[in-house]
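Computed from heavy atoms alone, side chains included, the values below leave out hydrogens, waters and symmetry copies. Remember, it's 1-based here, ligands and their atoms both numbered in the order they're listed.
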Amino acid sequence: MKNLSVDHLLGIKFLNLDDLELIFETADNFKEVINRPIKKVPSLRDITIANLFFENSTRTKLSFELAEKRLSADVLNFSSSQSSVKKGESLIDTVNNILSMKVDMVVIRHPNPGAPQLLSKKVNATIINAGDGAHEHPTQALLDSYSMRQQIGDLRNKNILIVGDIIHSRVALSNIFALQLQGANVKVCGPNTLIPKYLKDFGVKVETDFDKALEWCDVANMLRLQNERMSDSFFPSVREYKKHYGLTMERLQKISKDIVVMHPGPINRGVEITSEVADSNNSIILDQVENGVAIRMAVIYLLAKKNFDR
Ligand code: CP
């Protein structure tokens, strides 16, 4: 039986193609489990997992919690807004206190890039990154690739477009690393102000004309404008942004082929994507959420297998 090459899931940049294939293969098995009448396996019965969320989340938090419960792990949920972090306790002290209650694994979402890496060096637990600032969101990229493969098969030489606020997005960076490992062609599209210059060094193509980019792609992954991370003005107005980069049914019908439409959520309906497109047959947004549970079960199971011999 194969093992992951890593002891923590800190980012896609630390994984190799074999790791991705092993995660997808394991997720296939768990997808079958969660579609059974009894959606649970006893694999992690003696493992305790703490979900530490220092930033808001709906999908990722619930999906991790459900994945852990489906694997029969004991689950602790921590939200920074109701904790002693508000009284000035440091991240390392907070986590070490939680770990002293015999916790084996930590899932962490944090606004600061690198927080999961820091923890992996300073505390004695398996760490899973559930999103660190604008850096990485590895389980989102894994579930995105898994969902794409369900629709269009092997991603080698497929054209994948990531649209919108790339510069503030952890989803974009993790997707780029995952897609490149699988041999996909990756292009980003948006106003120049929202596209980081360093992406060209990663071999990612940049297109500012959205209609041209849509004609090129097999999949369009639409990203939200991350207003909470914008300290400046990056485009003239939301109206202008919608006109040039909003995905409408009219735009979708103008291109010569059927493409798959994705969005990691939360959606700003009527800004980066209209309701008509988000709820259309092209959209696999809810499939992404469904696949998230199986992917997170796979990641947790594989790390527990490697680190705790499960
Ligand atoms: N896609 C995603 O990370 O959503 P949440 O912020 O709701 O977890």
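Among residue pairs with one or both ends in residues 238-254, those qualifying as side-chain hydrogen bond (donor to acceptor under 3.5 Å, both in side chains) are D211-R251; sequence neighbours excluded. Under the salt bridge (charged side-chain N to carboxylate O under 4.0 Å, His left out) criterion, no residue pair touches residues 171-196, with sequence neighbours excluded.
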Atom pairs and distances, side-chain donor-acceptor, residues 285-294, under 3.5 Å, sequence neighbours left out:
from : atom 1 : to   : atom 2 : distance (Å)
Q288 : OE1    : H263 : N      : 3.0
Q288 : NE2    : D144 : OD1    : 2.8
Q288 : NE2    : H263 : O      : 3.4
N291 : OD1    : K31  : NZ     : 2.6
N291 : ND2    : S147 : OG     : 3.0
N291 : ND2    : Q150 : OE1    : 3.1
N291 : ND2    : D287 : O      : 3.3

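Aromatic ring orientation, F78 versus F54: tilted (interplanar angle from 30° to 60°).
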Tabulating one pair per line, provide the atom names and distances (0.1 Å) for every N/O atom of ligand 1 that is less than 3.5 Å from a protein N/O atom.
from     : atom 1 : to   : atom 2 : distance (Å)
ligand 1 : 1 (N)  : Q140 : OE1    : 3.0
ligand 1 : 1 (N)  : P264 : O      : 2.9
ligand 1 : 1 (N)  : G265 : O      : 3.3
ligand 1 : 3 (O)  : T60  : OG1    : 2.9
ligand 1 : 3 (O)  : R109 : NH2    : 3.0
ligand 1 : 3 (O)  : H137 : NE2    : 2.9
ligand 1 : 4 (O)  : R59  : NE     : 3.0
ligand 1 : 6 (O)  : R109 : NH1    : 2.9
ligand 1 : 7 (O)  : T58  : N      : 2.8
ligand 1 : 7 (O)  : R59  : N      : 3.1
ligand 1 : 7 (O)  : R59  : NE     : 3.2
ligand 1 : 7 (O)  : R59  : NH2    : 2.9
ligand 1 : 8 (O)  : S57  : OG     : 2.6
ligand 1 : 8 (O)  : T60  : N      : 3.0
ligand 1 : 8 (O)  : T60  : OG1    : 2.6
ligand 1 : 8 (O)  : R109 : NH1    : 3.4
ligand 1 : 8 (O)  : R109 : NH2    : 3.3

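When each of D93, L91, I92 is checked for a side-chain contact (heavy atoms from CB on, under 4.5 Å) with E89, only D93 meets the rule.
Nearest heavy atom pair, residue T139 against residue I295, reads O-CG2, 4.0 Å.
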